[in-house]
Amino acid sequence: MSRARKATPSAKPRPPARVSGGVPGEIRIIGGQWKRRRLPVADRPGLRPTPDRVRETLFNWLGQDLSGWHCLDAFAGTGALGLEAASRGAASVLLVEHDAALAAQLRRAAERLGATTVRVQRGDGLAALGSCVPGSLHLALIDPPFGQAEFFEPALRAAVRAIAPDGFVYLEAPAAWSDEALAPLGLQVHRHLKAGAVHAHLLRRGA
């Protein structure tokens, strides 16, 4: 695996983009019980649904069956990542979103899907991660706004405490994070994908 520099606050934010395989204003569930279901996405500045290709790759890495998993999407936005986990059988998914309108839309999406394992919380994603019982999560999803790089380190520190010893942290960022940058946080790269401006990382606890 090539070594890359850690993400810095100077990284340029990526503008809102069409969802690969979809249309503006929609996300599409890629797999699981709600496969091919489409959900509306609010027109909000900087809102970036995780592209289809990235989500598909992530859940190929994780395996398609997440039965029994407890997941937290700390910066839920469109809810694409957390709803994808729920579609694949996760026992519980907490979607945390600071924006009131987006949180309301997430609740409507969960109701539309009949997603009884999904809970939406309006609030601070960092605080939600920090309040988790240590070792209680199988998957922590971290996709902060690209232009707010100051969230990355605190979120990763909180996530490594929250995940089980065999759990995973997903990090989406505008630059690659190396094992050297992650080691002080107690994490290491398990898988990495670059798709356009997106660097998708699947992380595990360090050795």
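In this text, all values refer to a predicted model and were calculated from it rather than measured experimentally. The basis for the numbers below is simple: all heavy atoms, side chains too, and nothing from hydrogens, waters or symmetry mates.
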Checklist entry - Does a side-chain heavy-atom distance below 4.5 Å link V96 with F75? => result no

Checklist entry - Stepwise, does the side chain to side chain contact (heavy atoms under 4.5 Å, CB included) test hold for L58 with N60? => result CA-CA 5 Å; L58 170 62; N60 284 338; over 6 Å; no

Checklist entry - Hey, is the main chain of G31 close enough, under 3.5 Å, to the side chain of E84 for a donor-acceptor pair? => result yes

Checklist entry - Counting only heavy atoms not in K194, do more than 12 fall under 6.0 Å of its NZ? => result yes

Checklist entry - Mind checking what makes side chain to side chain donor-acceptor pair (under 3.5 Å) contact with S92, not counting sequence neighbours? => result H70

Next on the checklist: Does this structure show an ion pair linking R28 with D52, if we count only N-O contacts that are shorter than 4.0 Å?
Outcome noted: yes

Item to check | For K35 against I30, the heavy-atom pair lying closest together | outcome: CG-O, 3.2 Å

Checklist entry - Is there side-chain contact between R191 and H201, with heavy atoms separated by less than 4.5 Å? => result no

Checklist entry - Run the side chain to side chain contact (heavy atoms under 4.5 Å, CB included) check on V169 and V160 step by step: do they pass? => result CA-CA 8 Å; V169 177; V160 73; 5.6 Å; no

Next on the checklist: What verdict does the side chain to side chain contact (heavy atoms under 4.5 Å, CB included) test give for F151 and L126, after you've listed the backbone C-alpha separation in whole Å, the side-chain angles of each residue and the deciding distance to 0.1 Å?
Outcome noted: CA-CA 8 Å; F151 283 118; L126 294 177; 3.7 Å; yes

Checklist entry - Are R205 and I163 side-chain neighbours, meaning at least one heavy-atom pair lies under 4.5 Å? => result yes

Item to check | Shortest non-hydrogen separation from L83 to W34 and the atoms involved | outcome: O-CZ3, 3.8 Å

Next on the checklist: Looking only at the aromatic ring of each residue, does the gap between the centers of F168 and H190 stay below 6.0 angstrom?
Outcome noted: yes

Next on the checklist: Quick check against the 3.5 Å criterion: does R161 have a side-chain atom that pairs as donor or acceptor with the backbone of C132?
Outcome noted: yes

Next on the checklist: Determine whether W177 and L203 satisfy the following criterion, side chain to side chain contact (heavy atoms under 4.5 Å, CB included), listing intermediate values before the conclusion.
Outcome noted: CA-CA 10 Å; W177 282 62; L203 312 175; 6.0 Å; no

Item to check | Student check: side-chain heavy atoms of L94 and Q121 closer than 4.5 Å | outcome: yes

